[in-house]
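Step one of this worksheet: look at the structure below.
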Amino acid sequence: MNQLLEISFSSLASSIHSWLSSAIANATILNVVEMAIAGVCLLVFLVPLCFVLGYMERKVAAFMQLRLGPNRVGPKGTLQIVADTVKLIFKEGLTPNASDKFLFNLAPIIVVVVSMLVMAPIAFAKNFQLWDLNIGVLYVTSISSIAVIGILMAGWSSYNKYSLLGAMRSGAQIVSYELSVGLSIISIVIMTGSLKISDIVMSQADGWWIFKGHLPIFISFVIFVIASTAEINRAPFDLSEAEQELTGGFHTEYSGMKFAMFLLAEYINLFVVSAMAATLFLGGWMPFHIGHWEAFNHIMDFIPSSLWFLGKTFAIIFIIMQFRWTFPRLRVDQLLNLEWKYLLPISMVNIILVTIMAIMGWYL
Amino acid sequence: MFLKDYFGTIFKSIKSLLTGMRKTGYYFTHPKEILTEEYPDNRATLKMFDRFKGEVTMPHNENNEHRCTGCQACEIACPNGTIKIITKQEIKEDGKKKKAIEAFVYHLELCTLCNNCITSCPSDAIVMAQTYEHSVYDKTQLKKILNKPGSKIMEGVE
Amino acid sequence: MSLLGENFMTEEGEFVINMGPQHPSTHGVLHLKVWLDGETIKKVQPHLGYIHRSIEKMSERLSYRNFIYATSRMDYLSAHINNQACALAVEKGLQVEVPARAQAIRVLLAELTRLQSHQLWWGCTGLDLGAVTPFFYAFREREAIMEIFEETCGARLTQNFCVPGGVMYDVNPNFQKRVKDVMQQIKSKYREYEEILTGNVIFENRTKGVGYLSKEDAISFGVTGPTARASGISCDIRKWFPYDGYEKLDFEEVVMEGGDCYTRYMARIEEMKQSVHIIEQMIDNLPEGDIQGKTKNVIKLPKGEFYQKVETARGELGVYIVSDGAASPYRIKYRSPNFSNLSALETMSVGTKIGDLVAIMATIDLVIPDIDR
């Protein structure tokens with residue numbers, strides 16, 4: 001039963017590949033067909049994911065605000081987000097007259113593509129990973145910082161002062177918070193000794209890093225969650241779109257499907273960040289084990305690994321959503337103060353502690 | 001000393017943030033606190049208070065009689081010209097002429113529901129109804145004639 | 001000149017943005033022209049007149065009974081207090097005695113109005129600073145107060161319950177019980193407000209030391225209400241020029257030193273507590289008697305000038321009636337609190353960031369229709 005649920009991704013891919021290559025002789029066409037299949041699979045996974053996250057965000061917000069949330073379209077309002085998407089598709093995508101039309105249309109595509117690229121090395125379940133490259137963590141951090149280019153592009157090309165202000169804020173914010181994200185990831189890399197995501201997950205077979213890493217790793221977990229909330233521009237760090245100040249920030253001028261793409265990117269980023277936090281600190285798809293409780297561990301093993309992964313990811317997504325619906329927004333100088341005066345010094349000291357811990361072997 | 005302040009600030013900040021999150025978490029886990037009224041669905045049970053000012057109406061009894069004498073006190077009391085009373089002369093059995101209303105025209109679209117007409121009416125001919133769904137597609141539908149067709153004044157109301 | 005075109009910046013390299021008339025944080029159709037240097041504000045210029053309805057001119061052709069209702073539309077959050085001011089001005093001209101019960105009902109409703117207005121302000125302050133959730137918690141208590149209004153006055157926002165000489169009706173039989181329940185509810189929720197907003201470190205950082213208004217500036221701009229009292233000016237009309245029996249009540253004028261956004265915020269929170277205190281001492285001691293003094297059907301004020309000021313939720317509202325002896329006023333002038341409070345906005349916000357401008361506007365508690373009238 002367990003074996004059935006955990007189909008290895010690579011075996012699946014190789015069987016599809018061999019089947020296709022027997023059917024199609026031409027290598028170029030084969031490549032194109034395979035890419036098309038991969039693209040469709042990605043969309044089939046990502047679009048429902050965004051629907052789930054959108055529905056979850058609305059429901060979480062509603063319950064915290066003494067409301068019911070969407071409950072009209074479909075059972076319990078689950079199809080509300082589908083209806084919204086249909087509405088956005090049919091809406092006119094306005095382009096401002098004085099805008100730089102090429103960049104204006106390119107920006108949402110860049111933002112979405114970047115957030116989709118980051119999905120590649122994430123381990124969704126046991127043996128289920130799209131691309132297990134040997135510098136997985138480095139790949140995630142470097143690719144995700146390209147998103148700022150899309151945002152800057154959107155703000156600049158809109159020919160709107162609010163958009164420009166939002167984009168500039170976003171630039172300063174993402175560049176600063178990259179550092180803390182990077183440093184807290186490095187603390188895990190030091191402990192594991194590998195940048196490969198499958199190695200990082202495997203190193204947590206006997207206990208998740210957040211438990212066996214003691215206080216320093218817990219601190220880097222907290223810093224990672226805070227800094228990545230800032231990196232994906234979610235409240236309380238949503239200064240680049242700050243509705244009450246900038247009316248919408250970098251996406252003020254976007255409407256229709258182009259706006260929906262920013263929304264899509266935001267939710268994918270939210271998922272990616274939470275998935276990274278789950279992978280690095282909470283053991284990815286590793287089940288929860290306690291020391292020598294064989295019976296307990298066996299029951300835990302029985303839960304499919306994909307459920308473990310999604311459960312951890314959604315727990316972190318919930319926390320990030322709760323941030324959004326609880327806190328006021330920071331001011332732009334306070335945002336940079338938080339990074340440069342608090343998060344960065346603490347994570348630098350923390351790195352030293354982690355290094356000492358790793359050298360002395362004080363974990364476990 | 002500096003370090004003490006520095007970490008003191010951090011701990012205080014984290015504590016205040018967690019307090020806020022506990023509150024929202026409390027409401028998230030207690031759906032009984034939800035206050036939403038699902039309005040179009042609860043039409044049957046939704047009851048307005050007796051004094052609720054919905055629109056001006058003129059009550060008629062079972063003989064299709066109202067209490068309006070046509071004195072136009074409400075028309076004068078109205079600040080917006082919401083009420084227009086068109087009167088006619090009726091000849092009673094004994095040959096005397098008497099003023100009566102032809103039509104009591106009420107423009108709901110102009111009304112601010114200030115209640116001045118009700119308090120100024122000497123014969124209690126008009127009252128506020130507790131209706132609350134006034135939306136129509138055309139504003140001419142909001143012009144209402146309050147006296148029913150064929151109605152006449154009640155006996156004994158002067 | 002910038003790459004983005006000629007009209008993007010001024011000669012000095014300043015960035016001019018128009019906040020409003022449709023902007024999420026101006027709470028209405030206020031238009032602020034803001035000169036920016038980066039994120040720092042160099043100059044703020046309010047542009048008014050988008051919601052001017054000439055209520056003063058309108059009042060000149062309405063009778064003394066009728067013009068009261070129009071003032072509900074000025075500061076719609078203090079609708080009852082506006083009505084009360086007009087009724088008091090007319091009573092001053094008529095020299096009519098208002099029965100004690102009518103006075104008590106007026107004051108009770110006025111304090112409830114102040115409470116609901118401050119509740120709304122509390123929610124909107126959170127909203128302006130980016131915290132959406134407090135808005136809903138504030139509305140939960142406000143809704144309970146609105147139900148009191150609905151039950152007794154028949155309307156939730158524009159009650160129109162004051163008439164020259166008293167109040168329109170006696171209170172509803174459920175009034176006392178309902179008010180007591182709501183006061184219990186509100187008192188039990190103060191702690192929650194503290195947890196979710198007042199004590200929050202982000203909120204403190206956003207408001208403390210931001211938007212400083214000195215005592216001198218506040219006086220010279222004619223700032224009144226909680227905004228002025230947070231700058232250390234004692235200016236509560238209820239204490240200095242009592243009306244409708246405020247002199248018999250036990251309450252404290254909230255005067256705080258500081259003058260920044262956080263002090264203004266705390267001043268309003270304290271005022272809410274004082275309002276609850278006033279309501280609680282009155283609700284069980286409603287005097288018996290009439291609810292309206294003797295007035296003629298068509299009111300004619302004697303020739304002369306009559307001025308009455310009251311304390312609304314935002315400051316001092318003055319009603320100035322010039323009468324030539326006819327059935328409608330010759331001239332009416334309202335001294336609205338928001339107009340004066342808005343004039344101090346530039347002094348408070350120069351040198352701060354855009355985010356601070358939003359916080360400052362939130363803590364002045366502007367109601368735009370009252371500025372334009």
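Just so we're clear, the structure is a prediction, and the values are computed from it rather than from any experiment. Chain A is the first sequence line, chain B the second, and so forth, proteins listed ahead of strands; every chain is numbered from 1.
- When each of Gly154(C), Ala155(C), Ala70(C) is scored by its heavy-atom pairs under 4.5 Å with chain B, the top score falls to Gly154(C).
- For the residue pair Tyr169(C) and Asn115(B), a side-chain donor N or O sits within less than 3.5 Å of a side-chain acceptor on the partner.
- Proximity of Tyr137(C) to Thr24(B): side-chain heavy atoms (C-beta onward) are separated by under 4.5 Å at one or more points.
- Neither the backbone nor the side chain of Leu18(B) comes within less than 4.5 Å of any heavy atom of chain C.
- Of the two parts of Ile14(B), neither the backbone nor the side chain holds a non-hydrogen atom closer than 4.5 Å to a non-hydrogen atom of chain C.
- Put simply, the side chain of Glu151(C) does not reach to within 4.5 Å of the side chain of Asp50(B), judged on heavy atoms.
- Taken to the nearest 0.5 Å, the CD1 atom of Ile196(C) stands 10.5 Å off from the CE atom of Met21(B).
- Rounding to the nearest 0.5 Å places CE of Met58(C) at 7.0 Å from CG of Asn80(B).
- Put simply, the side chain of Ser13(B) never gets that close to the backbone of Val201(C): no donor and acceptor are under 3.5 Å apart.
- Annotation: the span from Thr133(C) atom OG1 to Tyr27(B) atom OH amounts to 11.5 Å, rounded to 0.5 Å.
- Contact record, Arg51(B) with Thr152(C): NH1-O, 2.7 Å, taken as the closest heavy-atom pair.
- Checking Asn116(B) against Asn66(C) by side-chain atom types alone, a donor-acceptor pair falls below 3.5 Å.
- The contact between Leu35(B) and chain C is made entirely by side chain atoms (from C-beta outward), counting heavy-atom distances below 4.5 Å.
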